[in-house]
Amino acid sequence: MGYSMGEHSSKKHCVQCLLREMDQEAYMENLYDYIERLDETIKANKTLYEERLAICKTCHYLENGMCRACGCFVELRAAIHTNKCSYNQW
């Protein structure tokens, strides 16, 4: 597996692993670390991000953090300000 030291952390993150090779906790840490490190020029502001997630939480397609309709990870899609919901919910 390919491990990389995070810029702001002493924790190791697997950068060349499939999801099935990672435990759920490591996966979630990597996802949130990735969102946190997004370039500020593409990142949605906190208010927009939370508004989008609130809409997703009411959607019947949401299951375990993924949209069953399009397959996206909703927290990642919502984090980028130019992204749109595939089903025009936001």
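Predicted model, so just to flag it, every value in this text is computed and none were measured. Residue numbers run from 1 in the order of the sequence given.
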Tell me whether Lys43 contacts the main-chain N or O of Glu36 through its side chain, where contact means a donor paired with an acceptor under 3.5 Å. yes
Minimum heavy-atom separation for Glu75 and Tyr49, please, with both atom names. O-CE1, 3.2 Å
Considering all heavy atoms of both residues, which atom of Ile80 and which atom of Arg52 are nearest to each other, and what is their separation? O-NH1, 3.0 Å
Identify the two heavy atoms, one from Ala44 and one from Ala78, that lie closest to each other, and give their separation to 0.1 Å. CB-O, 3.6 Å
Quick one: do Met28 and Tyr34 end up in the same hydrophobic cluster if we chain Ile, Leu, Val, Met, Phe, Trp and Tyr together by side-chain heavy atoms under 4.5 Å apart? yes
Going hydrophobic residue to hydrophobic residue with side-chain gaps under 4.5 angstrom, can you get from Leu48 over to Ile55? no
Output for pair (Leu62 CG, Cys72 SG), nearest 0.5 Å, gives 9.0 Å
Nearest atoms (heavy-atom pairs only) where Trp90 meets Asn83: CZ3-O, 3.4 Å
Quick check: do Arg77 and Cys67 have side-chain heavy atoms less than 4.5 Å from each other? no
Please tell me whether Tyr27 and Phe73 form a close aromatic pair, meaning their ring centres lie under 6.0 Å apart. yes
Is Met66 linked to Tyr87 within one hydrophobic cluster, defined over Ile, Leu, Val, Met, Phe, Trp and Tyr using a side-chain heavy-atom separation of less than 4.5 Å? no
Tell me whether Arg68 contacts the main-chain N or O of His60 through its side chain, where contact means a donor paired with an acceptor under 3.5 Å. yes
Whether His81 side chain and Thr41 backbone form a donor-acceptor pair below 3.5 Å: yes
